[in-house]
Amino acid sequence: MSSAEKPDIAERVPLAHHFDDIHQQHEAANLGMWVFLVTEILFFGGLFVAYIVYRSAYSEAFALASRHLDVTMGAINTTVLLTSSLTMALSVHAAQEGEKRATVLFLFITLLLGAAFLGIKSFEYYHKFEEHLIPGASFRFDAAYIRPAQIFFILYFVMTGVHAFHMVIGIGIIAVLIRRASRGHFTRSYSTPVEVSGLYWHFVDIVWIFLYPFLYLIDLS
Amino acid sequence: MIVPKKTYYSVFIILMALLGLTVAVALVDLGPLNPYIALSIALIKATLVVLYFMHVKYSTRLTWIVASAGFIWMIIFIALTLADYFSRN
């Protein structure tokens, strides 16, 4: 049997009564996660539009403020997340093939990479604290740009903070998947939870794919 | 269907190359073009992730429609909001 074919699963995976067949049930799970991800686009979208509006209004201040962000750390973090998407996709592949050990291994690596991302992020946040760039009473910046620079950093902390929150949730989901996978819950016939969790994880990665250039790479030249 | 691992590796390499490109281009002063180039590269990366890692290329038309709807909605959100702000004063 080639890896592209799946065995007939109709009798082994429980079929909920409101679905015609197992494929429709699987498709519904997929669609359900996609609809949720579309609501996440609404959620992050608001922040991105706010960012776009303020950046176009205060382009110089935003460029100056952005230079205080560490481009290298951001690039490392982007690499970490892109790699985590690869390992997540590989774990989905392993789950679909019924390869339990590979599934658990790749899920675990994904989790480690997610944790590494959060670790690097917290270093960055700490550096901002030391540099007096956390918006509020102790914020220090060139007086001519101080108000829009604070807006930049409010957007920076809220956007990356909300993103980091989504990462934490994603890590929690992966931890649950690892537990289930190591107990043999996922087979060639049933890997849906791993697949839809993969969709969530990739989406959070996509948000960062936009956050990095928008926040870190404004006018470096 | 199960996407072959080779596809994942190839997409990953392209994504990393695009990351390198984004940073490299950001270091060169291209005036007003810079943000648009960065955005374009980010869009290409996002599209690759959606099509291959998120399997939309191998999914049903319905999934494709729902995924596209989200991103098209985003474009409308940005366009109408900016139209408002840019037509002030």
Side-chain angles (χ1 to χ4, degrees), chain A residues 2-6 27 30-31 34-35 37-42 44-46 48-50 52-53 55-57 59 71-72 74-75 78-79 82-83 85-90 92-94 96-97 188 191 195 198-199 201-203 205-207 209-214 216-221, chain B residues 1-5 7-9 11-13 15-16 18-20 22-23 25-32 34-35 37-39 41-50 52-56 59-60 62-75 77-78 80-82 84-86:
Chain A
S2 78
S3 65
E5 295 163 8
K6 290 185 114 153
E27 171 69 4
N30 209 269
L31 262 180
W34 265 110
V35 171
L37 293 180
V38 170
T39 70
E40 291 275 75
I41 293 176
L42 304 189
F44 280 102
F48 274 98
V49 170
I52 292 171
V53 169
R55 173 163 160 185
S56 52
S59 47
V71 172
T72 307
T78 309
T79 303
L82 288 177
T83 309
S85 264
L86 171 66
T87 55
M88 187 74 211
L90 290 172
V92 169
H93 185 274
Q96 289 173 322
E97 296 275 34
R188 294 190 72 133
S191 55
E195 293 170 37
L199 290 178
W201 190 264
H202 294 310
F203 179 78
D205 183 21
I206 287 176
V207 172
I209 284 174
F210 285 100
L211 281 182
Y212 177 59
F214 277 32
Y216 289 75
L217 301 179
I218 309 176
D219 193 19
L220 293 178
S221 51
Chain B
M1 69 154 277
I2 300 179
V3 179
K5 287 191 272 195
T7 306
Y8 292 144
Y9 291 127
V11 170
F12 174 70
I13 289 171
L15 287 171
M16 289 304 299
L18 288 173
L19 171 61
T22 298
V23 177
V25 169
L27 296 169
V28 177
D29 182 14
L30 296 164
N34 273 98
I37 293 179
L39 179 61
I41 296 176
L43 281 169
I44 294 172
K45 288 164 82 178
T47 305
L48 284 171
V49 174
V50 166
Y52 292 99
F53 284 171
M54 298 175 87
H55 298 168
V56 168
S59 291
T60 61
L62 185 53
T63 301
W64 184 92
I65 288 174
V66 171
S68 309
F71 292 99
I72 290 173
W73 177 89
M74 191 64 199
I75 291 172
F77 187 14
I78 295 172
L80 292 189
T81 305
L82 290 184
D84 180 307
Y85 275 100
F86 288 173

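Below, chains carry the letters A, B, ... as their sequence lines are ordered, and counting in each starts from 1.
- For B:L18, no part lies near chain A; criterion is any non-hydrogen pair under 4.5 Å.
- For the atom pair CE (A:M88) and OH (B:Y8), the distance works out to 10.5 Å, reported to the nearest 0.5 Å.
- Interatomic distance, CG of A:L82 versus CZ of B:F12, reported as 6.5 Å (0.5 Å rounding).
- Closest of all the heavy-atom pairs between A:R55 and B:P35 is NH2-CB, 3.4 Å.
- A side chain to side chain contact (heavy atoms under 4.5 Å, CB included) with A:P213 holds for exactly one of B:T22, B:L39, B:V25, B:V23; it is B:T22.
- Heavy atoms of A:F203 lying under 4.5 Å from chain B belong to its backbone as well as its side chain.
- Counting only N and O atoms by type, the side chains of B:T63 and A:E27 include a donor and acceptor under 3.5 Å apart.
- At a 4.5 Å heavy-atom cutoff, the contact between B:V3 and chain A is made by backbone atoms alone.
- Heavy-atom distances place both the backbone and the side chain of B:F53 under 4.5 Å from chain A.
- Closest approach of A:N30 to B:S59, counting heavy atoms only: OD1-OG, 4.3 Å.
- The CG atom of B:L15 sits 6.0 Å away from the CD1 atom of A:I209 when rounded to the nearest 0.5 Å.
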Stepwise side-chain contact (heavy atoms from CB on, under 4.5 Å) test for B:I78 and A:F48: CA-CA 9 Å; B:I78 295 172; A:F48 274 98; over 6 Å; no
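- Separating the CD1 atom in A:I52 from the CG atom in B:L82 is a distance of 6.0 Å, to the nearest 0.5 Å.
- Taking every heavy atom of both residues into account, A:W34 and B:A67 meet most closely at CZ3-CB, 3.5 Å.
- Chain B forms more heavy-atom pairs under 4.5 Å with one residue of A:L37, A:V49, A:V35 than with any other, namely A:V49.
- Here NZ of B:K5 is found 7.0 Å from CG of A:L90. Values are rounded to the nearest 0.5 Å.
- Contact annotation for A:L42: both backbone and side-chain heavy atoms come within less than 4.5 Å of a heavy atom of chain B.
- For chain A, the option among B:A69, B:A38, B:A46 with the highest count of heavy-atom pairs below 4.5 Å is B:A46.
- A distance of 5.5 Å separates CD1 in B:I2 from CZ in A:R188, rounded to the nearest 0.5 Å.
- Looking at B:Y9, both its backbone and its side chain come within 4.5 Å of chain A, counting heavy atoms on both sides.
- Heavy atoms of A:F44 lying under 4.5 Å from chain B are absent altogether.
- Proximity to chain B (any heavy atom under 4.5 Å) is restricted, for A:S56, to the side chain, taken from C-beta onward.
- Heavy-atom pairs under 4.5 Å with chain B peak, among A:L86, A:L217, A:V38, at A:L86.
- For B:V56, the part lying near chain A is the side chain, with the backbone staying farther off; criterion is any non-hydrogen pair under 4.5 Å.
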B:H55 and A:V92: CA distance, side-chain angles, deciding distance, side-chain contact (heavy atoms from CB on, under 4.5 Å) verdict: CA-CA 11 Å; B:H55 298 168; A:V92 169; 4.0 Å; yes
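- Taking each heavy atom of B:W73 and A:I41 in turn, the nearest pair found is CZ3-O, 4.3 Å.
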